[in-house]
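Here's the structure, in structure tokens; my notes come after.
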Amino acid sequence: MFKHLREEIDGIMARDPAARSRIEVALCYPGLHALVIHRVAHWCWEQGWRLTGRFLSHIGRVATGIEIHPGATIGRRFFIDHGMGVVIGETAVIGDDVMLYHGVTLGGTSLNPGKRHPTLEDGVIVGAGAKVLGNITMGAGSRVGSNAVVVTDVAPGATVVGIPARVVVPRDKVDPSKFLPYGTPCGDIPDPVARALNGLLDQVQGLRRRVEELEAERGGLDGPAPRRPEPALAPALADAAGRDRVSDAAPTPC
Ligand SMILES: CC(C)(COP(=O)(O)OP(=O)(O)OC[C@H]1O[C@@H](n2cnc3c(N)ncnc32)[C@H](O)[C@@H]1OP(=O)(O)O)[C@@H](O)C(=O)NCCC(=O)NCCS
């Protein structure tokens, strides 16, 4: 039952830039603790020891804030980052290399005792606070934006956001072979402040060109125009406008 523990820990280290050592992951990651408890609870459930399975699941919930029904089927290298508030229902099926953030619900929408929770195929990433509801399938490598509510099937590789979730086209092409921490192309997230500054610099450049044109016209008629002292901010902006643009890649989120 524990033969994959090292693999689970390595999977976490590969997907969480904040994880520094295996021992740290083993001691401090509630997602790992919940998963280990679930593996035991699920085994009990499969043996028909339903109450034991449920009780172990309850202990896992008390200890980690992550509620995984012992009937849920979970693949390898499953990682719940941060964890608190995650709920995974009885008939949920989760493939390999799936990642959930805190506050995610894989829930049911019907009282029918059959399959009523979602199926997440390999490599799915579900953002913080998102709800995936009903007997729907999220295709391999698909991604759910934080706080989205997904109520219909999601095609493999698609990104969905909002309530109800709809497909969006990521600004940057997503390479499905690479894991993207936080579900985003790392280090290339547009920073709104940098965007605004770049817009300002473009305007300054345009105005500067126009002033030079006007000065040249005026110089042609009456000689050179008297030069006005520039305001304190102008040299810095003009300097920046003449050189590189402000990088609009925000630092990697954590
Ligand atoms: C959904 C997600 C995976 C998309 O990332 P991405 O590929 O970089 O996509 P983009 O940032 O290019 O966004 C594409 C569009 O979706 C919108 N969008 C992205 N995330 C969204 C969200 N959670 N809710 C609503 N809209 C969202 C963007 O505004 C953009 O819309 P636009 O084209 O109209 O401007 C990512 O935004 C996300 O939510 N990841 C989960 C992160 C998380 O939960 N982190 C927890 C850390 S503790």
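What you see is a predicted model, and the numbers here were worked out from it, not measured in a lab. Just so you know, ligand 1 is whichever comes first in the structure, and atom 1 is the first atom listed for that ligand. Just so you know, these numbers use all the heavy atoms, side chains as well, and skip hydrogens, waters and symmetry mates.
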- Is it the case that more than 12 heavy atoms not belonging to R50 sit under 6.0 Å from its CZ atom? yes

- Message: Can you pull out every salt bridge (charged side-chain N to carboxylate O under 4.0 Å, His left out) where at least one residue sits in residues 108-126? Sequence neighbours excluded, please.
- Response: E90-R116

- Proximal atoms of ligand 1 relative to H82 (non-hydrogen, under 4.0 Å): 48 (S)

- Query: What atoms of ligand 1 come closer than 4.0 angstrom to any heavy atom of H102?
  - Reply: 48 (S)

- Do NZ/NE/NH1/NH2 and the carboxylate oxygens of D10 and R77 come within less than 4.0 Å? no

- Task: Answer yes or no: is there an ion pair linking R209 with E212, defined by an N-O contact shorter than 4.0 Å?
- Result: no

- Per side-chain contact (heavy atoms from CB on, under 4.5 Å), S142 is matched among V124, V150, V126, V167 by V124

- Heavy atoms only: which of V161, L100, I125, V160 is nearest to atom 20 (N) of ligand 1? V161

- Query: Would you say S146 has any N or O atom under 3.5 Å from an N or O of ligand 1, going by distance alone?
  - Reply: yes

- Query: Got a sec, which pairs hit side chain to side chain donor-acceptor pair (under 3.5 Å) with one end in residues 130-140, sequence neighbours left out?
  - Reply: none

- Message: So that I can tick it off, tell me whether R39 and E8 are bridged by a salt bridge, with the cut-off set at under 4.0 angstrom between side-chain N and carboxylate O.
- Response: yes

- Message: Heavy-atom contact check, 4.0 Å cutoff: does N147 meet ligand 1?
- Response: no

- Task: Show which atoms of ligand 1 fall inside a sub-4.0 Å distance from at least one heavy-atom site of G127.
- Result: 41 (C), 44 (O)

- With heavy atoms under 4.0 Å as the rule, classify the contact between D81 and ligand 1 as side chain, backbone, both or neither. neither

- Query: Does G145 reach ligand 1 with a nitrogen or oxygen that is under 3.5 Å from one of the ligand's nitrogen or oxygen atoms?
  - Reply: no

- Message: Give the atom numbers and elements of ligand 1 that come within less than 4.0 Å of a heavy atom of T159.
- Response: 1 (C), 4 (C)

